[in-house]
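These notes concern the structure reproduced below.
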Amino acid sequence: MGDLFQTAEFWVAVAFVVFVLAIFKPARRILTSGLDQRIAQIRSEVEEAQKLAEEAQAALANYQRRQREALQEAEQIIAHAKEEAERAKAHAEADLEEYVRRREQQAAAKI
């Protein structure tokens with residue numbers, strides 16, 4: 001055992017182990033801080049993506065609501081136009097009947 005402490009290989013091995021232990025702590029801190037920064041960056045990107053997805057979903061819902069409202073308005077306009085057309089048709093028929101009646105009266109008066 002006494003010879004073991006006097007060999008160069010033993011002291012090189014001890015120096016290597018001490019060197020590895022001395023380097024391991026700062027290297028671990030550097031690696032973990034780098035990983036922590038990357039994790040924080042990824043987390044913020046995911047949160048931003050979720051926020052953008054929520055905004056896009058809200059915009060889509062808003063446009064769908066506007067589309068439904070526009071369709072309802074178009075249906076109302078069409079219904080109103082049909083009512084107006086029916087009124088115009090009824091008015092025209094009444095005018096035509098009145099015209100025909102007057103013409104018949106005029107024809108009867110001439111006879």
Side-chain angles (χ1 to χ4, degrees):
M1 187 88 164
D3 292 332
L4 183 65
F5 292 122
Q6 293 178 358
T7 61
E9 290 84 10
F10 172 75
W11 291 111
V12 168
V14 168
F16 179 74
V17 169
V18 169
F19 175 75
V20 168
L21 291 175
I23 294 298
F24 180 71
K25 277 190 174 186
R28 189 179 84 192
R29 270 189 232 125
I30 291 171
L31 288 174
T32 56
S33 69
L35 290 174
D36 289 342
Q37 288 174 356
R38 182 72 177 136
I39 289 170
Q41 179 185 2
I42 291 171
R43 184 173 288 130
S44 69
E45 289 174 359
V46 167
E47 289 172 357
E48 182 179 350
Q50 287 175 342
K51 179 182 173 187
L52 290 173
E54 290 171 0
E55 289 175 2
Q57 192 68 28
L60 175 63
N62 186 27
Y63 288 125
Q64 288 174 339
R65 179 183 52 79
R66 285 184 182 177
Q67 182 183 19
R68 283 191 303 271
E69 290 173 356
L71 287 174
Q72 289 175 350
E73 185 177 344
E75 289 172 357
Q76 289 173 354
I77 290 171
I78 290 171
H80 182 68
K82 285 181 180 179
E83 290 173 5
E84 287 293 319
E86 287 295 322
R87 275 195 291 260
K89 179 182 173 186
H91 184 67
E93 287 175 352
D95 286 348
L96 179 63
E97 287 177 15
E98 179 65 24
Y99 176 74
V100 168
R101 188 184 57 77
R102 274 187 282 159
R103 293 295 280 178
E104 286 175 351
Q105 285 177 353
Q106 286 176 355
K110 283 184 180 181
I111 296 180

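The first residue in the sequence is number 1, and the count goes up from there. Keep in mind that this is a model prediction, so the values were computed, not measured. Only this structure's heavy atoms are used, side chains among them; waters, hydrogens and symmetry mates stay out.
Other residues, nucleotides and ligands contribute over 12 non-hydrogen atoms within 6.0 Å of the CZ atom of Arg87. Other residues, nucleotides and ligands place more than 12 heavy atoms under 6.0 Å from the CD atom of Glu84. Surrounding CD of Glu55 are more than 12 heavy atoms belonging to other residues, nucleotides or ligands, all under 6.0 Å away. The environment of Gln106 atom CD is dense: over 12 non-hydrogen atoms of other residues, nucleotides or ligands sit within 6.0 angstrom.
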Can Arg103 and Tyr99 be said to form a side-chain contact (heavy atoms from CB on, under 4.5 Å), step by step?
CA-CA 6 Å; Arg103 293 295 280 178; Tyr99 176 74; 3.7 Å; yes
Can you list the steps and then say if Arg65 with Asn62 is a side-chain contact (heavy atoms from CB on, under 4.5 Å)?
CA-CA 5 Å; Arg65 179 183 52 79; Asn62 186 27; 2.4 Å; yes
Taking it one step at a time, do Gln41 and Glu45 satisfy side-chain contact (heavy atoms from CB on, under 4.5 Å)?
CA-CA 6 Å; Gln41 179 185 2; Glu45 289 174 359; 3.4 Å; yes
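In summary, Glu47 and Lys51 do not engage in a salt bridge, as defined by a charged side-chain N under 4.0 Å from a carboxylate O. A salt bridge is absent between Glu86 and Lys89; no separation between the charged side-chain nitrogens and carboxylate oxygens falls under 4.0 Å.
Once rounded to the nearest 0.5 Å, the distance linking CD of Glu104 with CD of Glu97 reads 10.5 Å. Note that CD of Glu69 and CZ of Arg66 are 8.5 Å apart. Values are rounded to the nearest 0.5 Å. How far CD1 of Ile77 is from CD of Glu75: 10.5 Å, rounded to the nearest 0.5 Å. The CD1 atom of Ile30 sits 12.0 Å away from the CG atom of Leu35 when rounded to the nearest 0.5 Å.
When hydrophobic clusters are built by joining Ile, Leu, Val, Met, Phe, Trp and Tyr residues whose side-chain heavy atoms come closer than 4.5 Å, directly or via intermediates, Val18 is grouped together with Phe10.
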